[in-house]
Amino acid sequence: MTITALRGTYDILPPQSYIWEKAESQARKMFALYGYSELRTPIIEQTQLFSRSIGENTDIVSKEMYTFADRKGRSITMRPEATAPVVRAYIEHKLYKDQSLCKFYYIGPMFRYERPQAGRNRQFYQLGTEILGTEHPYHDAESISLAVSYFKSLGIDNIVVKINSVGDAESKQKYNSILKNFFAGSLDTMCPDCNTRFEKNTLRMLDCKVPACKEIIKNAPPLNENLNDASKTHFESVLALLDKMKIAYEIEPRLVRGLDYYTNTIFEITHSHLGSQDALGGGGRYNNLIAEMGGPQTGAVGFAVGIDRLVIVLEKMTANNSTITAGSDLDLYILNLDNALFTDHAELLHSLRQHDIRADICTEQKSFKAQMRSANKANARFVLIQGQNERDNNIFKLKDMINGTEEDIKTINNNVDIDKLVERIRQS
RNA sequence: GUGGGUGUAGCUCAGUUGGUUAGAGCGUCUGGUUGUGGCCCAGAAGGUCGACGGUUCAAAUCCGUUCACUCACCCCA
């Protein structure tokens, strides 16, 4: 039996890899534009980091983590998300001492042990940002506007920004008890999931899709009417900034996220071309996490984009119009017509590449026609032809593959004037 | 973890009520007069029919088991 990639993991082959490169390089451009610096954290961390930050009772921690014991019996987990590691690094290196505000971005693989489906894998990729050391509503709005601008810069339309506020710690706690009181009487008519959620994460009952539960949820006291003044003001400021930036959004009072650390603003960006896993990105504010993890009491906000899902959308776009194309074309392809000349050609190839000419050489001894076919397949702009005939006449032939013409390039002792040749190739 | 769908050539897929040597298109390779690509034409290579077991004179086809892929639930990016 041949060895295959693990379930939920996959190889990214060309030409698909060009789409990934494009998505990532465009992200780096946008992050630079908005003043973010890259922060790379390890893929493995102490298990505690995630169980404490994301929440012991969340789905991610309770059933989806890649956790194992290392050779000394320590519990190690492959990161299921990047916010906790970034916060850990922020605290570990006391970055809050350098400046009041830190703006970071990250790009890399994350791991969750789930059943794979459209747009969901066990090793998946995220790019995202975190702004640490701020409670200012502007930074909530900037996170959203950055994500939206990034998608637009890739030519993606049809995105929907969904936004909500879960309020600060005080509001969350208060609303939680209001909800418990409300649902307590109806538990026996609600689904098993809702019954466990009632104990572990009451907020998420609002998100249930079972029809019978929905009926009951409809009459639940809405989240946004139970925010305290500070939370309400913060949320309104965020919305006002989005309005100023002309970023469209939908307020989703039932939007709840499955990570415990969120406070105040939470948001999600969805796209209609995706399957049932339609969230292209999401994020929110976490004002208490840094303090809970042993840092100063200071706020932060961030978002993450699922690159796998983004690539799905981009692929569907390129199927219609080819905005993003593969780019492995050659400037020059050197034929191999006579073994005695091969080392000369290899030497020439080497110096052409040192002059930034994209070039390659045929190493197979096959027919002229077959070598020309290879040159054509490699999408070479020019083909360099030299067999014994040309060698005897002290020339190379340079064939233009677009119009089919050939010209002679003079050689002395089978050396060309490399600068002239480079210039000639660049002209086209 | 639960449920549905699908496994035949490198890729996309045909394959009759079980019946000779399992096919097509695309791709690959080689030719179409001495050393010239694309287009066209010809030919070739390439398969343990996902794996294992069963029924049968005979299985890609029927049955069982298993694995993988895929979609959905849960949840998330």
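The chains referred to below are lettered A, B, ... by the order of the sequence lines, with proteins before strands, and numbering in each begins at 1. Values below: every heavy atom of this structure, side chains too, minus hydrogens, waters and symmetry copies.
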Quiz item: Are A/Asp331 and A/Arg381 within salt-bridge range, i.e. N to O under 4.0 Å?
Solution: no
Self-check item: Sole residue of A/His345, A/Arg391, A/Lys397 in side-chain hydrogen bond (donor to acceptor under 3.5 Å, both in side chains) with A/Gln386
Solution: A/His345
Exercise. Provide the distance between the two C1' atoms, one in B/U65 and one in B/G7, to the nearest whole Å.
Key: 16 Å
Practice problem: Would you classify A/Lys366 as touching base, sugar-phosphate or nothing, given that sugar-phosphate means primed atoms plus P, OP1 and OP2, and contacts are heavy atoms under 4.0 Å? | Solution: sugar-phosphate
Quiz item: How about A/Phe31 and A/Tyr105: are their ring centres within less than 6.0 Å of each other?
Solution: yes
Quiz item: Tell me: CD1 of A/Ile269 to P of B/A77, nearest whole Å?
Solution: 12 Å
Quiz prompt | Sub-4.0 Å heavy-atom contacts from residues 276-284 of chain A onto RNA chain B, ordered by number | solution = A/Ser276, A/Gln277, A/Ala279, A/Leu280, A/Gly281, A/Gly282
Quiz item: NA contact type, A/Ala380, heavy-atom cut-off 4.0 Å: base, sugar-phosphate, or nothing?
Solution: nothing
Quiz item: Out of B/U36, B/G35, B/A77, which nucleotide sits closest to the side chain of A/Glu406?
Solution: B/U36
Quiz item: So what does A/Leu259 hit on the nucleic acid, given a heavy-atom distance under 4.0 Å: a base, only sugar-phosphate, or nothing?
Solution: sugar-phosphate
Practice problem: For residues A/Ile312 and A/His273, determine if any side-chain heavy atom of one lies less than 4.5 Å from a side-chain heavy atom of the other. | Solution: no
Quiz item: Donor-acceptor pair under 3.5 Å: do we get one between A/Arg373's side chain and the base of B/G32?
Solution: yes
Quiz item: What are the two closest heavy atoms between A/Gln16 and A/Asp11, and how far apart are they?
Solution: OE1-O, 4.5 Å
Quiz item: Nearest-Å distance, CD (A/Glu364) to P (B/U30)?
Solution: 7 Å
Practice problem: Figure out the CD/P separation between A/Glu114 and B/C74, and round it to whole Å. | Solution: 13 Å
Quiz item: Of all residues at least two apart in sequence or in a different chain, which pass the side chain to side chain contact (heavy atoms under 4.5 Å, CB included) check with A/Ile163?
Solution: A/Ile144, A/Phe235, A/Val238, A/Leu239, A/Leu242, A/Tyr249, A/Ile251, A/Thr265, A/Phe267
Quiz prompt | A/Lys369 NZ to B/G32 C1', straight-line distance once rounded to whole Å | solution = 6 Å
Exercise. Quote, to the nearest angstrom, the P distance that separates B/C67 from B/A45.
Key: 38 Å
Practice problem: Tell me what A/Asn121 touches on the nucleic acid: a base, only sugar-phosphate, or nothing, going by heavy atoms under 4.0 Å. | Solution: base
Self-check item: Most 5' of A/Ala5 and A/Gly275 on RNA chain B, judged by nearest nucleotide
Solution: A/Ala5
Quiz item: Atom CD1 of A/Ile334 to atom C1' of B/G37: distance rounded to whole Å?
Solution: 17 Å
Exercise. Just call it for A/Gly128: base, sugar-phosphate, or nothing, with non-hydrogen atoms closer than 4.0 Å on any strand.
Key: nothing
Quiz item: Who pairs with A/Asp260 by salt bridge (Lys or Arg N to Asp or Glu O under 4.0 Å), at least two apart in sequence or on another chain?
Solution: none
Exercise. Take atom P in B/U70 and the same atom in B/G27, then report the distance between them in whole Å.
Key: 27 Å
Self-check item: Given RNA chain B, 5'-ward residue of the pair A/Tyr113 and A/Ile307, judged by closest heavy atom
Solution: A/Tyr113
Quiz prompt | Polar side-chain contact A/Arg204-B/C75 base: donor and acceptor under 3.5 Å | solution = no
Quiz item: If you take atom types as modelled and just measure distance, does the side chain of A/Asn376 reach the base of B/G37 with a donor-acceptor pair under 3.5 Å?
Solution: yes
Practice problem: Determine the contact category for A/Asn389: base if any of its heavy atoms lies under 4.0 Å from a base atom, sugar-phosphate if only primed atoms, P, OP1 or OP2 are that close, otherwise nothing. | Solution: base
Practice problem: Whole angstrom is fine here: how far is it from CZ in A/Arg122 over to P in B/U70? | Solution: 11 Å
Self-check item: Below 4.0 Å: OP1/OP2 of B/C29 and any side-chain N or O of A/Lys377
Solution: yes
Quiz item: Please, which pairs that meet salt bridge (Lys or Arg N to Asp or Glu O under 4.0 Å) have at least one residue in residues 151-169 of chain A, sequence neighbours excluded?
Solution: none
Quiz item: For B/G31, does OP1 or OP2 lie under 4.0 Å from any side-chain N or O of A/Ser367?
Solution: yes
Practice problem: Go ahead and write out RNA chain B as dot-bracket, 5' to 3': ( ) for pairs within the strand, [ ] for ones crossing earlier pairs, | when the partner sits on another strand, dots for unpaired; Watson-Crick or G-U wobble, both distances under 3.5 Å. | Solution: (((((((..((((.....[...)))).(((((.......))))).....(((((..]....))))))))))))....
Quiz item: Would you say the side chain of A/Tyr10 lies within less than 4.5 Å of the side chain of A/Asp308, judging by non-hydrogen atoms?
Solution: yes
Quiz item: Under 3.5 Å, is there an N or O donor on one side and an acceptor on the other linking the side chain of A/Gln386 and the base of B/G35?
Solution: no
Practice problem: Using whole Å, report how far CG of A/Asn336 lies from C1' of B/U36. | Solution: 15 Å
Exercise. Can you tell me, in whole Å, how much space there is between the P of B/G15 and that of B/A58?
Key: 26 Å
Exercise. Using distance alone, with no hydrogens and no angle criterion, decide if A/Glu292 and A/Ser53 have a side-chain donor and acceptor under 3.5 Å apart.
Key: no
Exercise. Among the candidates B/G35, B/C74, B/G32, find the nucleotide nearest to the side-chain atoms of A/Gln117.
Key: B/C74
Quiz item: Looking at A/Lys218 and A/Glu215, does any basic side-chain N land under 4.0 Å from a carboxylate oxygen?
Solution: yes
Quiz item: Counting side-chain heavy atoms from C-beta on, which of B/G3, B/G35, B/C75 comes nearest to A/Arg115?
Solution: B/G3
Quiz prompt | salt bridge (Lys or Arg N to Asp or Glu O under 4.0 Å) partners of residues 79-91 of chain A, not counting sequence neighbours, each pair once | solution = A/Glu45-A/Arg88, A/Arg88-A/Glu92
Quiz item: Any idea which of B/A77, B/U36, B/C71 is nearest the A/Phe368 side chain?
Solution: B/U36
Quiz item: In whole Å, what is the span from the NZ atom of A/Lys162 to the C1' atom of B/A77?
Solution: 14 Å
